[in-house]
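Below, chain A is the first sequence line, B the second, and so on; all start at residue 1. Basis for what follows: all heavy atoms, side chains included, without hydrogens, waters or symmetry-related copies.
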There are 2 protein chains.
Amino acid sequence: MTIYDIAKVAGVSASTVSRVLNDKPGINARTRERVKRVLDETGFSVNESARGLVEQSSRMIGILVSDIRNQHHISGAYLIEEYFRSRGQVSLIINAGGDVSAIASPLRTLASRRVNGLVLIGSVFQDEAVSSALQAIVPDIPVVMQNGVLDLPNVSAVLCDDRGGTMEATMHLHQSGRRHVAYINNNLTPSNNKKVGGYLEACQELGMEPVLVQTCSDAEDATAQLLDANPGLDGIIYSVDFLAAGGLRVIHKMGLRVPDDIAVLGTDDSPLARLLDPRLSSIDTKLEQLSHECALLLEEMMENGGVRKVKTIACSLALRETG
Amino acid sequence: MTIYDIAKVAGVSASTVSRVLNDKPGINARTRERVKRVLDETGFSVNESARGLVEQSSRMIGILVSDIRNQHHISGAYLIEEYFRSRGQVSLIINAGGDVSAIASPLRTLASRRVNGLVLIGSVFQDEAVSSALQAIVPDIPVVMQNGVLDLPNVSAVLCDDRGGTMEATMHLHQSGRRHVAYINNNLTPSNNKKVGGYLEACQELGMEPVLVQTCSDAEDATAQLLDANPGLDGIIYSVDFLAAGGLRVIHKMGLRVPDDIAVLGTDDSPLARLLDPRLSSIDTKLEQLSHECALLLEEMMENGGVRKVKTIACSLALRETG
DNA sequence: GGAAATTTTGCAATCGATTGCAAAAATCTT
DNA sequence: AAGATTTTTGCAATCGATTGCAAAATTTCC
């Protein structure tokens, strides 16, 4: 079923059908109605391949997620998808599969589809390999990175102030009387490094001795070891909420009370925080705001041929029952 | 940058370039190499719109998710995306936004893109409105429903045995000595109705008096009321894990011990179950297997012109610390 | 060395939409 | 009623790939 078929039925030319489809002016009202009726009756749907070919645009944006297993990333992708869907742009969401060096392949996929814009989700994309891949494969399309920066003319960025958020959290614990606050990190992403940096700086400023776990694969083990080695610990900050869940379990098992004996903070203020018992206090990294800004920025770049911008969003503390 | 440009540089015709691109036979090895080198050097990427136009296929499949906010659905979508990505098919993941009656719009989007196949995720799609929309808009493309059935020739289904799983869970609790088991449901989706059915049947079979909350928006309130009204309760099954999280909190607050005083089961065996304290026992609705079957079935239908099939997968119990 | 067989390549049509330009139709002027 | 305007419509080129068929190049064989 093509516009030529529609044209035949409606007794007009294909051009007219096309113009009706796209709400172009200069079509007689009665003709327009007639064509529209045929369109409805036949349940016609435009061939976007054909349209994309002549328009040199796919009416799609690409969302490249560094790692799907990360709940937080998925949520971000969907917030952006949602925004663009309401604007009539379809989203092509693709998983990079965690391997940053292999980014060329998904990038080429998106380039082949001629996406009008691209969002990269995940701080691991802040990497030289990604930078050169972007330059080689999509040097001209507007890109926005969520939580990472690259120095390319077509690549904007929206970041949350991980460093500041973590500093603030550390200071908050200090202010509420904690003097031995540890930090447990899961992996060394650029974003997590900023968090660690904030923690260390706050410790220095406050005269606290930092107790840092740089990476860990199992939050329970890490927490148990930390508590064994540092009996005086009265606060732990985790780089991600689900780590804190494991931490809480160990703390509970050891007979310590939260937050009386020890305060616990997570990061990201994910839905999980509200489901744990006690409800987890968390550093809110403003996912919704971040995603919204990404969408706005990308839209702006796509419309105005777009100048590069870098925006930072402040974090806040979502205080609940753990500290 | 088109294949004509490549052709010019490589000193061949566009047809040859096309054949190299698609690994077609009958090209001289040296020519093939030369073209390939030019392809690499220029970083050429095929225009999928043009290709899609002549091939009458997009090399894309569509995944329509009933409601994005449902973590479980998202995970399912990604499992399917993953499978097809490994097969060179891109996925177009779209959110129906919860409103089943408005399914025509996303469906038309997918139809316009000429997706080669379609997966519907969410039992709410098991609905007359969806059936007629599918028939009207995509009567010819292979469709697989995850957790729902419709009686259309091009629509297969993969279901999990919610009813059986819930029966088994109820019986398990009975077997471990529970005599007053309640069921708390959040909403009346077809899938949840099957769960409730299984619970009721098990109760009857076991001679237990059913205590059922048909719908609830807040798990804590529902649980608190239930416990107040039924002091003898020694087991609660929730239709979804995150409800159980709220339940655990209330139970804990009331001073009851889990599982000694009361057993708690969730449903779906989501990552959350392993993060709660105590670790939540849950009815495993086999999301991974379900998604994998969906992918296989869709692939089969796309390749063989496909006959409709309906598969059911058994649930199992993931027993942990709550019962 | 030349005819036959085989391999390799290119020509040209095709997919289904959009759009500049010109022709046709309708409306307005006097 | 005829010419000038304006509105409405259609023709035909275009986008960038794929592919059947025929032509050209190469290889094989006697």
Side-chain angles (χ1 to χ4, degrees), chain A residues 1-36 38-39 42-60 88 90 108-116 140-141, chain B residues 1-36 38-39 42-60 88 90 108-116 140-141:
Chain A
M1 180 69 70
T2 74
I3 57 170
Y4 294 92
D5 302 323
I6 302 292
K8 200 166 292 173
V9 176
V12 295
S13 76
S15 333
T16 301
V17 177
S18 171
R19 287 193 258 257
V20 171
L21 270 175
N22 295 286
D23 278 321
K24 294 268 160 94
I27 296 289
N28 182 286
R30 253 200 319 285
T31 312
R32 190 181 292 270
E33 276 320 304
R34 184 151 36 96
V35 173
K36 273 197 172 156
V38 178
L39 247 20
T42 54
F44 172 83
S45 76
V46 209
N47 185 321
E48 289 287 345
S49 291
R51 175 184 271 174
L53 181 55
V54 17
E55 291 202 327
Q56 299 289 27
S57 144
S58 57
R59 303 197 187 185
M60 288 200 282
V90 172
R108 245 190 289 273
T109 299
L110 291 166
S112 287
R113 304 281 166 180
R114 300 293 187 268
V115 291
N116 299 335
D140 299 316
I141 75 168
Chain B
M1 180 69 71
T2 74
I3 56 169
Y4 294 93
D5 302 323
I6 303 291
K8 200 167 292 174
V9 176
V12 295
S13 76
S15 332
T16 302
V17 176
S18 171
R19 287 192 258 257
V20 170
L21 269 176
N22 294 286
D23 278 321
K24 293 269 161 91
I27 295 289
N28 182 286
R30 252 201 320 285
T31 312
R32 191 182 291 272
E33 275 321 304
R34 184 151 36 95
V35 173
K36 273 198 173 158
V38 178
L39 246 21
T42 55
F44 172 83
S45 75
V46 211
N47 185 321
E48 289 287 346
S49 291
R51 174 184 273 174
L53 182 55
V54 17
E55 291 202 328
Q56 298 291 27
S57 142
S58 57
R59 306 199 186 184
M60 287 200 284
V90 172
R108 246 189 289 272
T109 299
L110 291 165
S112 287
R113 304 280 167 181
R114 300 290 187 268
V115 291
N116 300 335
D140 299 316
I141 74 168

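One can place CZ of A:R32 at 9 Å from P of D:dT9, the figure rounded to the nearest angstrom. B:R51 places its CZ atom 5 Å from the P atom of D:dT18, with the value rounded to the nearest Å. Rounding to whole angstrom units, CG of residue B:N47 and P of D:dC15 are separated by 12 Å. Atom CG in B:N28 sits about 11 Å away from atom P in C:dG10, given to the nearest Å.
Considering only side-chain N and O atoms, A:S18 lies under 4.0 angstrom from the phosphate OP1 or OP2 of C:dT18. Checking the phosphate oxygens (OP1, OP2) of D:dT18, no side-chain nitrogen or oxygen of B:K24 falls inside 4.0 Å.
Within 4.0 Å (heavy atoms only), A:I27 reaches sugar-phosphate atoms of the nucleic acid but no base atom. Counting non-hydrogen atoms under 4.0 angstrom, B:S49 reaches nothing in the nucleic acid. Looking at heavy-atom distances under 4.0 Å, B:Q56 makes contact with sugar-phosphate atoms alone, never a base. Base contact: B:S15 has a heavy atom under 4.0 Å from a base atom. Here B:V12 lies in heavy-atom contact (under 4.0 Å) with sugar-phosphate atoms only. At the heavy-atom level, B:V17 lies nowhere under 4.0 Å from the strands shown.
Remark: A:S49 OG to B:Q56 CD distance equals 8.5 Å, nearest 0.5 Å.
When all heavy atoms are compared, the tightest approach of A:R113 to B:V90 is NH2-CG2, 3.9 Å.
With a 4.5 Å cut-off on side-chain heavy atoms, B:D5 and B:T2 count as touching.
Recorded end-axis angle for the helix from C:dG1-D:dC30 to C:dT30-D:dA1 stands at 40°, based on five pairs per end and rounded to 10 degrees.
When distances are taken from the side chain of B:T16 to each of C:dC15, C:dA17, C:dG10, the shortest belongs to C:dG10. If you check D:dT8, D:dG10, C:dA17 against the side chain of A:Y4, the one that comes closest is C:dA17.
For B:S45 and B:R19, each mapped to the nucleotide of DNA chain D holding its nearest heavy atom, the one lying further toward the 5' end belongs to B:S45.
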